Amino acid sequence: MLKLGEKPLIAIPVNDKDFEETVNKAKEKGANIIELRIDQFRDRNINYILEKISFIKKLGLYVLATIRSKKEGGTPISDYERERIFKEIAPQVDIIDIELSSEGLREKVIKIAKENNCLALVSYHDFEKTPSKEEIQKIIDKALELGADIIKYAFNVKTKEDVARILCITNKNKDKNIVAIGMGELGRITRVSGFFFGSVITYSYIGVAFAPGQIEIEKLKDELEFYGLLKGDK
Ligand SMILES: O=C1C[C@@](O)(C(=O)O)C[C@@H](O)[C@@H]1O
(Lines give C-alpha, C1' and ligand atoms only; values in the text may rest on other atoms or scores of the structure.)
Protein backbone atom coordinates (compact mmCIF):
# COMPACT_ATOMS: atom_id res chain seq x y z
CA MET A 1 0.00 0.00 0.00
CA LEU A 2 1.07 3.59 -0.69
CA LYS A 3 2.93 5.11 2.26
CA LEU A 4 2.03 8.75 2.89
CA GLY A 5 4.28 11.32 4.54
CA GLU A 6 7.58 9.51 4.06
CA LYS A 7 8.53 11.71 1.10
CA PRO A 8 6.78 14.20 -1.20
CA LEU A 9 4.54 12.35 -3.66
CA ILE A 10 3.96 13.74 -7.15
CA ALA A 11 0.68 12.96 -8.91
CA ILE A 12 0.21 13.49 -12.64
CA PRO A 13 -3.42 13.81 -13.83
CA VAL A 14 -4.05 12.16 -17.19
CA ASN A 15 -6.98 11.56 -19.51
CA ASP A 16 -6.91 9.01 -22.36
CA LYS A 17 -5.34 11.36 -24.91
CA ASP A 18 -1.64 10.54 -25.50
CA PHE A 19 -2.03 8.24 -22.49
CA GLU A 20 0.93 5.85 -22.87
CA GLU A 21 3.33 8.61 -23.91
CA THR A 22 2.34 10.77 -20.93
CA VAL A 23 2.49 7.92 -18.41
CA ASN A 24 5.88 6.74 -19.71
CA LYS A 25 7.21 10.30 -19.39
CA ALA A 26 5.74 10.55 -15.88
CA LYS A 27 7.63 7.43 -14.87
CA GLU A 28 10.83 8.65 -16.50
CA LYS A 29 10.61 12.06 -14.82
CA GLY A 30 9.99 10.73 -11.31
CA ALA A 31 6.25 10.89 -10.71
CA ASN A 32 4.82 8.53 -8.08
CA ILE A 33 1.09 8.54 -8.79
CA ILE A 34 -0.99 8.74 -11.95
CA GLU A 35 -4.37 10.34 -11.45
CA LEU A 36 -6.80 8.86 -13.94
CA ARG A 37 -9.24 11.68 -14.72
CA ILE A 38 -11.84 9.22 -15.91
CA ASP A 39 -14.35 12.05 -16.21
CA GLN A 40 -12.25 13.27 -19.14
CA PHE A 41 -11.94 9.89 -20.88
CA ARG A 42 -13.47 9.60 -24.33
CA ASP A 43 -14.35 5.98 -23.55
CA ARG A 44 -15.50 4.90 -20.07
CA ASN A 45 -15.87 1.20 -20.87
CA ILE A 46 -14.62 -0.73 -17.83
CA ASN A 47 -12.17 -2.94 -19.74
CA TYR A 48 -10.74 0.15 -21.44
CA ILE A 49 -10.16 1.77 -18.03
CA LEU A 50 -8.72 -1.45 -16.57
CA GLU A 51 -6.22 -1.60 -19.44
CA LYS A 52 -5.04 1.89 -18.53
CA ILE A 53 -4.71 0.90 -14.87
CA SER A 54 -2.71 -2.20 -15.79
CA PHE A 55 -0.34 -0.13 -17.96
CA ILE A 56 0.32 2.25 -15.07
CA LYS A 57 0.87 -0.53 -12.51
CA LYS A 58 3.31 -2.37 -14.79
CA LEU A 59 5.49 0.74 -14.56
CA GLY A 60 5.41 0.57 -10.76
CA LEU A 61 3.33 3.72 -10.38
CA TYR A 62 0.35 4.14 -8.05
CA VAL A 63 -3.15 4.70 -9.44
CA LEU A 64 -5.51 7.42 -8.18
CA ALA A 65 -8.98 7.12 -9.71
CA THR A 66 -10.99 10.33 -10.09
CA ILE A 67 -14.37 10.80 -11.76
CA ARG A 68 -14.81 14.52 -11.06
CA SER A 69 -18.34 15.79 -10.62
CA LYS A 70 -19.55 18.54 -12.95
CA LYS A 71 -20.08 20.95 -10.09
CA GLU A 72 -16.43 20.62 -9.07
CA GLY A 73 -14.92 20.99 -12.50
CA GLY A 74 -15.64 17.61 -14.10
CA THR A 75 -18.04 16.48 -16.78
CA PRO A 76 -21.72 15.47 -16.48
CA ILE A 77 -21.73 11.83 -15.30
CA SER A 78 -24.50 10.34 -13.15
CA ASP A 79 -23.76 9.24 -9.60
CA TYR A 80 -25.04 5.80 -10.64
CA GLU A 81 -22.39 5.62 -13.39
CA ARG A 82 -19.65 6.91 -11.09
CA GLU A 83 -20.52 4.34 -8.42
CA ARG A 84 -20.62 1.55 -11.02
CA ILE A 85 -17.18 2.43 -12.39
CA PHE A 86 -15.62 2.83 -8.94
CA LYS A 87 -17.02 -0.56 -7.88
CA GLU A 88 -15.50 -2.26 -10.93
CA ILE A 89 -12.04 -0.71 -10.75
CA ALA A 90 -11.55 -0.40 -6.96
CA PRO A 91 -9.79 -3.80 -6.66
CA GLN A 92 -7.08 -2.54 -9.04
CA VAL A 93 -6.40 1.01 -7.81
CA ASP A 94 -4.57 2.52 -4.82
CA ILE A 95 -6.58 5.69 -4.11
CA ILE A 96 -10.12 6.75 -4.96
CA ASP A 97 -11.06 10.46 -5.02
CA ILE A 98 -14.62 11.50 -4.12
CA GLU A 99 -15.84 15.02 -3.48
CA LEU A 100 -17.13 16.03 -0.05
CA SER A 101 -19.98 17.71 -1.95
CA SER A 102 -21.09 14.43 -3.59
CA GLU A 103 -23.51 13.71 -0.76
CA GLY A 104 -25.01 10.22 -0.87
CA LEU A 105 -22.40 8.97 -3.33
CA ARG A 106 -19.46 9.93 -1.09
CA GLU A 107 -20.48 7.47 1.64
CA LYS A 108 -20.85 4.64 -0.89
CA VAL A 109 -17.50 5.37 -2.56
CA ILE A 110 -15.64 5.59 0.76
CA LYS A 111 -17.12 2.19 1.66
CA ILE A 112 -16.06 0.76 -1.72
CA ALA A 113 -12.53 2.06 -1.16
CA LYS A 114 -12.23 0.52 2.28
CA GLU A 115 -13.67 -2.81 1.14
CA ASN A 116 -10.94 -2.93 -1.52
CA ASN A 117 -8.00 -1.73 0.57
CA CYS A 118 -7.84 1.56 -1.34
CA LEU A 119 -7.17 4.88 0.31
CA ALA A 120 -10.29 7.09 0.33
CA LEU A 121 -9.34 10.63 -0.70
CA VAL A 122 -12.13 13.11 0.08
CA SER A 123 -11.70 16.29 -1.95
CA TYR A 124 -13.05 19.80 -1.82
CA HIS A 125 -12.62 22.46 -4.51
CA ASP A 126 -13.52 26.13 -4.35
CA PHE A 127 -12.75 27.80 -7.68
CA GLU A 128 -13.94 31.20 -6.41
CA LYS A 129 -12.08 31.78 -3.15
CA THR A 130 -10.05 30.48 -0.22
CA PRO A 131 -12.44 29.93 2.71
CA SER A 132 -11.81 31.08 6.28
CA LYS A 133 -9.67 28.91 8.54
CA GLU A 134 -12.81 27.91 10.46
CA GLU A 135 -14.53 26.79 7.24
CA ILE A 136 -11.43 24.86 6.15
CA GLN A 137 -11.26 23.13 9.54
CA LYS A 138 -14.92 22.13 9.16
CA ILE A 139 -14.10 20.60 5.75
CA ILE A 140 -11.26 18.60 7.30
CA ASP A 141 -13.36 17.47 10.27
CA LYS A 142 -16.32 16.42 8.09
CA ALA A 143 -14.08 14.45 5.72
CA LEU A 144 -12.50 12.66 8.68
CA GLU A 145 -15.94 11.95 10.17
CA LEU A 146 -16.89 10.28 6.87
CA GLY A 147 -13.80 8.06 7.07
CA ALA A 148 -11.40 9.84 4.71
CA ASP A 149 -7.83 8.51 4.67
CA ILE A 150 -6.68 11.63 2.81
CA ILE A 151 -8.30 15.07 2.80
CA LYS A 152 -7.61 17.28 -0.21
CA TYR A 153 -8.61 20.92 -0.56
CA ALA A 154 -7.93 23.06 -3.61
CA PHE A 155 -8.84 26.74 -3.31
CA ASN A 156 -8.65 29.69 -5.64
CA VAL A 157 -5.97 31.98 -4.22
CA LYS A 158 -6.38 35.75 -4.66
CA THR A 159 -4.05 37.14 -2.00
CA LYS A 160 -0.87 36.28 -0.10
CA GLU A 161 -3.06 36.02 3.00
CA ASP A 162 -4.94 33.20 1.26
CA VAL A 163 -1.61 31.39 0.80
CA ALA A 164 -0.71 31.93 4.45
CA ARG A 165 -4.12 30.68 5.60
CA ILE A 166 -3.88 27.48 3.53
CA LEU A 167 -0.40 26.71 4.84
CA CYS A 168 -1.24 27.55 8.47
CA ILE A 169 -4.37 25.40 8.60
CA THR A 170 -2.44 22.59 6.88
CA ASN A 171 0.31 22.91 9.50
CA LYS A 172 -2.31 22.80 12.27
CA ASN A 173 -3.54 19.50 10.80
CA LYS A 174 -0.16 18.00 9.86
CA ASP A 175 -0.92 14.89 11.94
CA LYS A 176 -3.52 14.02 9.29
CA ASN A 177 -3.01 13.11 5.61
CA ILE A 178 -3.70 16.47 4.00
CA VAL A 179 -3.29 17.50 0.36
CA ALA A 180 -3.28 21.30 0.30
CA ILE A 181 -3.51 23.20 -2.99
CA GLY A 182 -3.68 26.89 -3.71
CA MET A 183 -4.89 27.23 -7.29
CA GLY A 184 -3.78 30.01 -9.62
CA GLU A 185 -0.50 31.89 -10.09
CA LEU A 186 -0.41 33.23 -6.52
CA GLY A 187 -1.21 29.78 -5.16
CA ARG A 188 1.58 28.09 -7.11
CA ILE A 189 3.97 28.38 -4.14
CA THR A 190 1.74 26.00 -2.12
CA ARG A 191 2.47 23.20 -4.56
CA VAL A 192 6.02 23.03 -3.22
CA SER A 193 5.90 24.70 0.21
CA GLY A 194 2.85 22.64 1.20
CA PHE A 195 5.20 19.75 1.94
CA PHE A 196 6.90 21.79 4.69
CA PHE A 197 3.54 22.08 6.43
CA GLY A 198 2.34 18.49 6.17
CA SER A 199 0.82 18.18 2.70
CA VAL A 200 1.54 14.68 1.35
CA ILE A 201 0.83 14.89 -2.41
CA THR A 202 1.26 17.60 -5.03
CA TYR A 203 -0.24 17.57 -8.53
CA SER A 204 2.05 18.35 -11.44
CA TYR A 205 1.77 18.01 -15.19
CA ILE A 206 3.42 16.79 -18.39
CA GLY A 207 2.42 18.57 -21.58
CA VAL A 208 -0.75 20.44 -20.61
CA ALA A 209 -1.64 21.59 -17.08
CA PHE A 210 -4.91 20.23 -15.67
CA ALA A 211 -5.46 23.11 -13.29
CA PRO A 212 -4.33 26.72 -12.76
CA GLY A 213 -0.91 27.06 -11.16
CA GLN A 214 0.31 23.50 -11.65
CA ILE A 215 4.11 23.29 -12.03
CA GLU A 216 5.60 21.19 -14.86
CA ILE A 217 7.22 18.08 -13.34
CA GLU A 218 10.85 18.81 -14.25
CA LYS A 219 10.64 22.31 -12.76
CA LEU A 220 8.79 20.93 -9.75
CA LYS A 221 11.48 18.31 -9.10
CA ASP A 222 14.17 21.00 -9.35
CA GLU A 223 12.31 23.09 -6.77
CA LEU A 224 11.77 20.13 -4.43
CA GLU A 225 15.48 19.33 -4.73
CA PHE A 226 16.48 22.98 -4.16
CA TYR A 227 14.45 23.16 -0.94
CA GLY A 228 15.85 19.84 0.32
CA LEU A 229 12.46 18.15 0.16
CA LEU A 230 13.47 15.16 -1.93
CA LYS A 231 15.58 13.86 0.95
CA GLY A 232 12.39 13.65 2.98
CA ASP A 233 13.47 16.68 5.09
CA LYS A 234 10.35 18.48 6.23
O1 LIG B 1 -8.28 18.03 -7.40
C2 LIG B 1 -7.28 17.98 -8.06
C3 LIG B 1 -6.20 18.99 -7.95
C4 LIG B 1 -6.07 19.74 -9.26
O5 LIG B 1 -7.27 20.47 -9.50
C6 LIG B 1 -4.92 20.73 -9.14
O7 LIG B 1 -5.23 21.89 -8.79
O8 LIG B 1 -3.77 20.34 -9.38
C9 LIG B 1 -5.86 18.77 -10.40
C10 LIG B 1 -7.00 17.74 -10.49
O11 LIG B 1 -6.78 16.82 -11.52
C12 LIG B 1 -7.12 17.01 -9.18
O13 LIG B 1 -8.23 16.09 -9.22
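Along the sequence shown, residues are numbered consecutively beginning with 1. Just follow the structure's listing: the first ligand is 1, and inside any ligand the first atom is 1. Not measured: the values here are computed from a predicted model.
Of the protein's non-hydrogen atoms, Ile181 CD1, 3.6 Å is the one closest to atom 3 (C) of ligand 1. Protein heavy atom at the shortest distance from atom 4 (C) of ligand 1 is Ala211 CB, 3.8 Å. Of the protein's non-hydrogen atoms, Glu35 OE2, 2.6 Å is the one closest to atom 13 (O) of ligand 1.
Residue-level proximity to ligand 1 for Pro13 is carried by the side chain, the only part with a heavy atom below 4.0 angstrom.
Between the choices Gln214, Arg191, Lys152, Gln40, the shortest heavy-atom distance to atom 7 (O) of ligand 1 belongs to Arg191.
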Stepwise side-chain contact (heavy atoms from CB on, under 4.5 Å) check, Glu99 with Arg106: CA-CA 7 Å; Glu99 304 86 10; Arg106 68 190 185 190; over 6 Å; no

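If you chain together hydrophobic residues whose side chains sit under 4.5 Å apart, Phe19 and Ile10 fall into the same group.
Between Tyr153 and Phe155, a ring centre-to-centre spacing shorter than 6.0 Å is recorded.
A cation-pi contact links Lys52 to Tyr48, judged by a cut-off of 6.0 Å to the six-membered ring centre and 45° from its axis.
Polar contact with ligand 1: present for Arg68 (N/O pair, distance under 3.5 Å). Any N or O atom pair closer than 3.5 Å counts here, and Asp97 shares no such pair with ligand 1.
Counting heavy atoms from C-beta on, the side chains of Leu9 and Leu2 come closer than 4.5 Å. No side-chain heavy atom of Phe196 sits under 4.5 Å from any side-chain heavy atom of Leu167.
Residue contact check: His125 has heavy atoms under 4.0 Å from atoms 1 (O), 2 (C) of ligand 1. In summary, the atoms of ligand 1 found under 4.0 Å from a heavy atom of Arg37, numbered by their order in the structure, are 10 (C), 11 (O).
Side-chain atoms of Glu20 and Asn24 form no donor-acceptor pair, as typed in the model, at a separation below 3.5 Å.
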